[in-house]
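What's counted below: heavy atoms across the whole structure, side chains too, no hydrogens, waters or symmetry copies. First the proteins, then the strands, lettered A, B, ... as listed; each starts at 1.
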Number of protein chains: 2
Amino acid sequence: MSPTIKDVAKRAGVSIATVSLVIQNHARITTATKTKVQKAIKELNYHPSRSAKGLATKTTGNIGFILTDDHFLQTEPFYTKIFLGTELGTRGTNYYVLLATIARDFNSKDDLPRFILERSVDGIIVAGKATQDFIERIEKLDIPIVFIDYYPTTGNFFTVLIDNTNGGYVATKHLIDLGHKEIGFIGGDIPHPSIYDRFAGYKQALESNGIKFNKKNCIVDEDDPSRPNGYNAAKKILTQNKKITAIFACNDAMAIGVMQYCTDNGIKIPNDISLIGFDDVEADILLNPPLTTIKVPKFELGTEAIHLIENVIRDKSYNNKKKILVPIELIIRNSTKELK
Amino acid sequence: MSPTIKDVAKRAGVSIATVSLVIQNHARITTATKTKVQKAIKELNYHPSRSAKGLATKTTGNIGFILTDDHFLQTEPFYTKIFLGTELGTRGTNYYVLLATIARDFNSKDDLPRFILERSVDGIIVAGKATQDFIERIEKLDIPIVFIDYYPTTGNFFTVLIDNTNGGYVATKHLIDLGHKEIGFIGGDIPHPSIYDRFAGYKQALESNGIKFNKKNCIVDEDDPSRPNGYNAAKKILTQNKKITAIFACNDAMAIGVMQYCTDNGIKIPNDISLIGFDDVEADILLNPPLTTIKVPKFELGTEAIHLIENVIRDKSYNNKKKILVPIELIIRNSTKELK
DNA sequence: TTGGCTTAGTTAAACGTTTAACCTAAAAAC
DNA sequence: GTTTTTAGGTTAAACGTTTAACTAAGCCAA
């Protein structure tokens, strides 16, 4: 069996309290005893047991990461990348991240993730949209919560967000700069704040560049922002308004759908239509042509969330920087082109 | 604060031991007291604390998943998918998976992952290649270990493996069935058992179909099986032997590199060269043409590993099925074609 | 009636830490 | 020279479970 604090105490000739204080680098201890104890620790290769420490301090060293099922399994590894980003964020800290998924339609009949019930996390990160029922139930739990890429409208929560509005603006502005005027917007799940904000950025860009917003250039009634829905939306928008020369898809999945529709129908990108996406997923670079897009730093969303929740855990009354906005970046590849 | 076992005991009018026994569904308890206690549990919304349980039983409910840094960060999310598969595997169990990465060249100067030192895992899953030093150190730890997609040659470990030999065979046989005779093999990191076995399958297929193995058709000196190395290998192999009509790349990353080389040099796939990969990564379907490949069920590797390690944890002397072979599947897309 | 067995529950120790409260000796203050 | 303060530790309780050992009551057989 691994050595315990008792073994160390015995070997160093001190009490177990002293060993504990040495480990915590407490001021009460003289350098003499400190070195003595540290020597014993090293010789025995002692490491405190997390379980015991957890019971004594009511901390666990874990952070729960919650994701809806559909996000976990979707083709584009968007949220799972964010999750991996949290792993990166925990390096150098004393935390581990526990992953759990909940139903997309989580409701009163559903149980909260086990790690919450068993109190094995010190904080919770919620990535993506979650139901109101879920949010209300974790809210009254008296445990730090950080949201990523979603914010409940019902309160002032800690949140790490993509700068979606700016992203929508930059994407649209890029098309405008290339000379396009009839610019389509394709969205899905428009009530989602992220999509909504991208759409808002689109409108802002048009407006501040003297282009009238035209409802006929927008498809916003699709459900999920997925590839097949992008395909459908492309069909609709391109039959609806033949003058369109550029399309801003609210994410890369939909953009890929648009691209497939164009390929199937002999529409050349970027010669006939310029296309820009949003997210910058792995696949983009392999597309033909490679997709111009707005890069979302997915790992960074995860690491920022960890840093934020660490602060909140450390200081329960932490109150500055409740919202962190992660900047986006325009990635110009070959799916957009100057309008002749 | 959440209720403890004491609160339940008081409300049900029994001792805390009885509550504990009820939770464990122990035979000692009559149905009468059982329902009485269960009622109290429900009313208080009691859930046992994992920390306390952990200290008392010396179990943690966690399984450690260890990955080398380079695998964690590589473009193809192969190992991270396996990791996500373990998450799937833990559903319905009482485990969580803790993820840690180690250096690719882990050696005596490096510390073991913190979750091992702090005893916060009940078992360890090691995915992919790890250094001998690392393996030797965890081996003497007296904690269940399961390897995925790698097996140390120095002992009889629990392992979940891809059926690589068969995969290499099936891939090569597919090309042979299409009429190809001059079939190239492109490999990287050939000492890796997985790659080695795919190569072995390639040779077997040639042999049992009356085609002489030709060293000149093989590039096996690349380091990593990565895209750039695939690109280089394609250059080498196609200048080395002009008669080659088909290539089996040891994984999709290298196949993508091959494809890029062909695109850059006006070689048409599949008209000039048939190409088959291995792994079935997301990108395959977006390639032009979509890549024929051998599908590796990545999630399944993870879930199988969880099932296996659960058995080993439950029964320390568990000894059947030390090696689990996960079957592969030929996925025919458009990068392979009958030889005219 | 006695003794033994069974059943169903209780008692109390144990798990390995942290930390508030306590102690003692030496230093400082008067 | 006595009292007070400080420094540097120690003691022991607490955290919330599990479980081996114990107990009391009921039953049965002889």
> Charged N to carboxylate O under 4.0 angstrom, Arg137(B) versus Asp111(B)?
Replying inline: no

>> Check this for me, if you would: do Asp189(A) and Lys129(A) make a salt bridge, where the nitrogen-to-carboxylate-oxygen distance has to be below 4.0 angstrom?
In response: yes

Taking the minimum atom-to-atom distance to the side chain of [X], which one of [options] wins?
X	options	answer
Gln24(A)	dC15(D), dT17(D), dT18(C)	dT18(C)
Ala17(A)	dA21(D), dT17(C), dT11(D)	dT11(D)
Lys53(A)	dT17(D), dT17(C), dT10(D)	dT17(C)
Leu21(B)	dT19(D), dG16(C), dT17(D)	dT19(D)
Ala56(A)	dC15(C), dG9(D), dT18(C)	dT18(C)

> So among Tyr79(A), Phe65(A), Phe83(A), which one has a ring-ring contact (aromatic ring centres under 6.0 Å, His included) with His71(A)?
Replying inline: Tyr79(A)

Taking only side-chain nitrogens and oxygens of [X], does any of them come within less than 4.0 Å of OP1 or OP2 of [N]?
X	N	answer
Ser15(B)	dT10(C)	yes
Thr18(B)	dT10(C)	yes
Thr30(B)	dT7(C)	no
Thr57(B)	dT19(D)	no
Lys58(B)	dG16(C)	yes
Ser51(B)	dT17(D)	no

> If you look at every heavy atom in Asn62(B) and Tyr95(B), which pair is closest and at what distance?
Replying inline: N-CD2, 4.0 Å

> Could Arg91(A) and Phe72(B) be counted as a cation-pi pair, given that NZ or CZ must be under 6.0 Å from the ring centre and within 45° of the axis?
Replying inline: yes

> Starting at the 5' end of DNA chain C, which residue's closest nucleotide do you reach first, Val14(B) or Ser2(A)?
Replying inline: Val14(B)

>> On DNA chain D, does the nearest nucleotide to Pro3(B) precede the nearest nucleotide to Ile29(A) from the 5' side, or the other way round? Give the residue.
In response: Ile29(A)

Would you classify [X] as touching base, sugar-phosphate or nothing, given that sugar-phosphate means primed atoms plus P, OP1 and OP2, and contacts are heavy atoms under 4.0 Å?
X	answer
Ser20(B)	base
Ile16(A)	base
Lys6(A)	nothing

